[in-house]
Asks: 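Handing you a structure now.
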Amino acid sequence: MITLTVNGRSHEVDADPATPLLYVLRDDLGLHAAKYGCGFGQCGACTVMVDGRAVFSCVTPIAALPGRQIKTVEGLGTIEDPGPMQRGFIEAQAAQCGYCIPGMMMRAQALLEQNPAASEQDIRDHLALNLCRCGTHMRILDAVKRAAALMRSARGPDAGTTVATDGAAR
Amino acid sequence: MRFLKVLFVLVLCGGLLFGGFLVYAHHAPIETAAPPAADTFDAATIARGAELAAMGNCNSCHTVEGGPALAGGRALETPFGTIHGSNITPDADTGIGRWSKAAFSRAMREGVDRDGNHLYPAFPYDHFTKLSDEDVDALYAYVMTRTPVRAPTPENDLVFPLGFRPLLAGWKLLFFRPGRFAPDNVARDETNHGAYLVEALAHCGACHTPRNTLGAEERSAHFAGGTSDGWIAPALDHKNPAPVPWTQESLARYLRSGFDRHHGAASGPMIEVARNLSRVPEQDVAAMARYVASVMGEPAPERAEKGRALVATLESGRTPVQTTGSSAPGGSAVPDPIYAGACGGCHDAERGAIDALPLSLATAARLESPQNLLHAVLEGVHPRNPKAAALMPSFDGALTDEQIARLADYVRTEIAGEPAWRDVAGTLAKIRKGAASGSGESTK
Amino acid sequence: MSPLPHVVSRRSVVAGTGALVLSFALSRHAFAQQPQEPQNVGEEPRKPIPQPGSLKSAPRLDAWIRVDADGRVTVFTGKAELGQGIKTALLQIAAEQLDVPVGALTLVTADTARTANEGYTAGSHSMQDSGTAILHASAQVRALLVAAAAQRLGVPAEQLRTGDGRISAPDGRSLGYGEVVTAEMLQADAAPQSPLKDPARRTVMGRPVRRVDIPAKVTGGEAYVQDMRLDGMVHGRIVRPPSPGARLRDVDAAAVERLPGVLEVVRNGSFLGVVAEREWPCIQAMRRLAALAQWEGHSDFPDAATIDQTVLKLPSQNTDILNTQHMGTPQGRRFEASFTRPYQMHGSIGPSCAIAHATAEGLTVWTHSQGVYPLRGALAEMLQLAPDKIRCVHVEGSGCYGHNGADDVAADAALLALAVPNRPVRVQWMREDEHRYEPYGPAMVAKLSAVLDQGRIVDWTHDVWSNTHSTRPGAAGNLLAALYLQRPFMPPPPVPLPQPEGGGDRNAIPLYKLPRGRVTHHFIPDMPLRVSALRSLGAYVNVFAIETFMDELAAAAGIDPVTFRLNHLEDSRGRDVITTAAEKFGWSRPRDKRPGTGRGFGFARYKNLGAYTAVALDVTVDRDSGAVRVTRVVAAVDSGDAVNPDGIRNQIEGAILQSTSWTLYEAVGFDRETITSRSWADYPILRFDGVPDPVEVHILDRPGQPFLGTGESGQGPTGAAIANAVADATGVRLRDLPLNRERVRTALGPAPAARAG
Ligand code: FES
Ligand code: FES
């Protein structure tokens, strides 16, 4: 049994300690956002945050993770109440197939938590590790910039009161 | 800091000899020349110059990653401080646009710039002095036909008193031996050609030969291994630690493609070298490989045998699978789960998914210090083709420092079967400090 | 090893299949006169149909729209969401014509048990086929509902208003759709005429409506087949041969079956797979199995370095798809050029995945195939099951851009599922499987020649050599696994896809007005590497060739390339698109041409039938490294009635960036025996450092005009514009794709750089 802390909740996991986190998230914890793309740390589809940094969950064994804080897209908000990063992506309509998007969001989240004033160049440099085959890059950049703005305004006095966009076609 | 003490001594000596060597230290400026017209040079000379420039790795000091070619500005960390590669584009004001061929040739051969100042030996004129006139001309033709870029070279930041260039005259007196390449009359022509390219141009020794406290290559320890950018540049003589001995063929393949299946991928500063060599004629690289192989010499029979045995085990594909309960490649009962989950997926021989080197063959695990292994784990291994994905991702952030240190230890003792390194954690901390004070290469 | 049962015979049925049976029943009811599904059809199952789209093959209204007694409205489409935003656009159409809010509609996409057979979701046809059908069906359903309400309320239909799913009379009385619908009402065939809403009164179509699928995708919802987790589900992985041509000699399956958690090793001929309870142990077991497998033989690939020569040498069937060369003898200067493309891959970010579940009732396959009906046919043939024993349900996958591994992995999952009945088996390909075994876009060569006389083209020839561009299923032999079975299936002989849409010859006929010309398709049946449909098929290469050649001719004539195009183009919508792109780009503004920078233009009407797209862009070229970067892009597109302008913009942006990636970086690597592109390290694609600064897309909306389909129209113009810009920047014309660093560097050579003063 290995105890993992994911999105602030702790989980007992019964799996080979060598198992990459990706499979435990998806198969054991029912958290689907992180995706399998390559398993080699080459595409970023599996990106999650560990202790505030973006990591490839496909090559990070759970043996390395007890006592550490894991964050996934599910920890950024919900479909009913999306967080700033998610709202940024919805507002920018930043997805075609969307398969790469959760990984993009987590890498961007790690950047913005570290550097809330990240420039467009910072975002480009930082996201260069993640691949998107659909060519959604322009919108992803837009989404991350929106998310940064939303986070900045959320840090203002009435943080979190903005009504969440439902994203449904209306 | 021992070298500072030595420096102090040098300064003293320098003072004593001051009058004498000021004469030596002084060189007259060479007249400025109008930038040569594009049609001054014939295409074949420029083309050869391009190949020579690639073999000479000019860009690894004179081009900033992703920046304009040869426009300088790249910071080189040396034990004596930071030196910046200069702008060698033919820009008239900030580059070498007004350098005549004579000025260029003097810089290459004698380490003196057009104004008459001594150049720091980070510019390997101790090697370039051996170049033939023809090749210096070709390099000149190549450099002078690049796109001129206006880019002043940043100031160097060196420990006192090294900012005072005349001191370099003392260094030169002690260590610099000008003179053309002398072929070995016994060796074959190809070996001599390789020796010329390696010694005069590619300056492999600049990294692979140890340096003395004053930063000069130790002539008595030619190719006995050195350092570069915090990486170990392994010995290229008979002490080369590769588990499978290098051959002329494997060296040639590695140098030109950045990869060999029994030695892995070029990493660290060697990536750029291989990237450059991919642009030069195959015969030149083959000659370089032949020469380096001749310096390494025939491996001792038992070393050769060990290498063969390692390859045979791996190629039989019978290494036990990495699941808890079975045995690890190195023979311990339970493989380290971090190794199995983070590394095994690519490095275990039977996986075969991508061409990752089985770590039992890795030179990095056999070196006297874990530096290279730690660098690879922290930074990943990025390929020759700058557009391609990493061959190996960075594990910085995924693993804690303690885990990385344990992992290095596991690879060293269980997989390579070597006695444990001393103070892996300390080395790791030092690398981190270096990275923090360095250029801040954070996310790439 | 377990032999592969041909028929499922186990009786036990796990929970959840009840719905399946019900759906089968429904489907028989709803689609009694379903057309024969296409067997081994080409990329497009039929010739382009005038409106009303797919109503032609599935005329019943309730094939498209169903209204329940409680007022719930369901829209059915035989097309699939591939990330192109089709769900949202179709809902917009239905919502507009039915006067129901988008949010109140339910959409059912491609499912052999529930929706019409609309063939493949391909060729940018979704809007033309399904969109048109839904447009008309919705309008007709609304009219039927209104007519029924008119009777009930005793008010003339013209006086009734609809909104929010209700019909109201001037006196304030109103009825919900559910109250007026009857069981038989929608069982009627569609009428030839539809009372479409006046485009001027639209409130939903033509607006940038937010995509309905995005919220789940950005919040960790079960958005893809890769995410589905069914009760009792187990995992499967396939061991692919080291070379496509290798055959399995022997494997110690028992050693792997003994591993904990392994349920079954499945071997059938050279098809080798493993099923395990959990995913990671399954992958471990697959790796072990791969290490134990002994293969013999290998493919005999041609030399990658001279693949264009190979393409030209292979026997070909030659068809003139245009020939007007009997008209006079051209006078003037003749120009010639030849263009090549290597094999390129779809390279989905998410490797292909499917879930198959075999029970006594039959086999259900959840798949991201682009054609659930053709897949069903192929599976039925491979497994020797009656088609009605198989249900294929589309669930989204990662973007595919054509025929990737989706169908193949469905076959893999089906084979494994039959070996472990009653357990849903999820198979996802590994990255190296996807890279090595997806069917690639074929290597191609195009040779063009033209005669120029006083600034006008007076003669034009275009020869294009290509393999087929569709080996999509329909036949079992088009499924990868079927080629390796004990009793293997042969791939059906490839056939050229017919004009006017074409395959390798797609867009080979220029849209320009040329007095005289010949266009010949050299169709090559032999396929050295397995190939199939990749976004835009041959159009990418043909447009690349035509549009770069146009620039060469313009330069020879000393005429601005945009003007030169306009001089040869009559089609007014095409002209509008060209002028809009040029204007927004600032093409005619004076520019400060710095060394190493250039600009280029490209234009095409996709298939000469679909959307018009023009692309203008800037590049920088670094002489020393050979690196090309696209820095600014402006595009204009006319895809007819623009249902969701933001969706179109998204598609075009994506097409531009993907085409940039193809054009600058991509070529499948192979040696004489096998594929060497096994991961993203061996097959570079665009990443953020190569992405342009701005990409602007201008839409020329044509409300009320037919939908033209957008998804693939940007590929060719972008590639051509890049090559034109590189030529503008360097003075050197590159005609071989990709324009990667090495090529550019070599082409430029170390010759003196242009010196500014
Ligand atoms: S799946 Fe982890 S980086 Fe690709
Ligand atoms: S949106 Fe499809 S891969 Fe990025």
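Values below: all heavy atoms of this structure, side chains included; hydrogens, waters and symmetry mates excluded. So you know, we letter chains A, B, ... as the sequences are listed, proteins then strands, and number each from 1.
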Asks: Could you check whether any side-chain heavy atom of Arg210(C) comes within less than 4.5 Å of a side-chain heavy atom of Glu91(A), counting everything from C-beta outward?
Replies: yes

Asks: Taking NZ, NE, NH1 and NH2 as the nitrogens, is one of them in Asp27(A) or Arg229(C) under 4.0 Å from a carboxylate oxygen of the other?
Replies: yes

Asks: What residues of residues 28-39 of chain A make heavy-atom contacts with chain C at a cutoff under 4.5 angstrom?
Replies: Asp28(A), His32(A), Ala33(A), Lys35(A), Tyr36(A), Gly37(A), Cys38(A)

Asks: For Tyr665(C), give me all partners under ring pair (Phe, Tyr, Trp, His ring centres under 6.0 Å), at least two apart in sequence or on another chain.
Replies: none

Asks: For Ser679(C) and Gln42(A), does a side-chain donor sit closer than 3.5 Å to a side-chain acceptor?
Replies: yes

Asks: Restricting to pairs with a member in residues 81-90 of chain C, which pass salt bridge (charged side-chain N to carboxylate O under 4.0 Å, His left out), not counting sequence neighbours?
Replies: Lys87(C)-Glu396(C)

Asks: What part of Thr78(A) is in contact with chain C, defined as an atom under 4.5 angstrom from a non-hydrogen atom: side chain, backbone, both or neither?
Replies: backbone

Asks: Write down the atom of Arg124(A), the atom of Val691(C), and the distance for their closest heavy-atom approach.
Replies: NH1-O, 2.8 Å

Asks: In chain order, what residues pass the side-chain contact (heavy atoms from CB on, under 4.5 Å) check against Ala216(C), with sequence neighbours excluded?
Replies: Ile79(A)

Asks: Only pairs of heavy atoms separated by less than 4.5 Å count here; which of Ser398(C), Cys400(C), Ala95(C) has the most with chain A?
Replies: Ser398(C)

Asks: Looking only at heavy atoms, what is the nearest atom pair of Arg426(C) and Arg26(A), with distance?
Replies: NH2-NH2, 3.9 Å

Asks: Below 4.5 Å, heavy-atom pairs only: which of Ala655(C), Cys353(C), Gly350(C) has the largest tally toward chain A?
Replies: Gly350(C)

Asks: Is it the case that over 12 heavy atoms from other parts of the model lie below 6.0 angstrom from the CD atom of Gln114(A)?
Replies: no

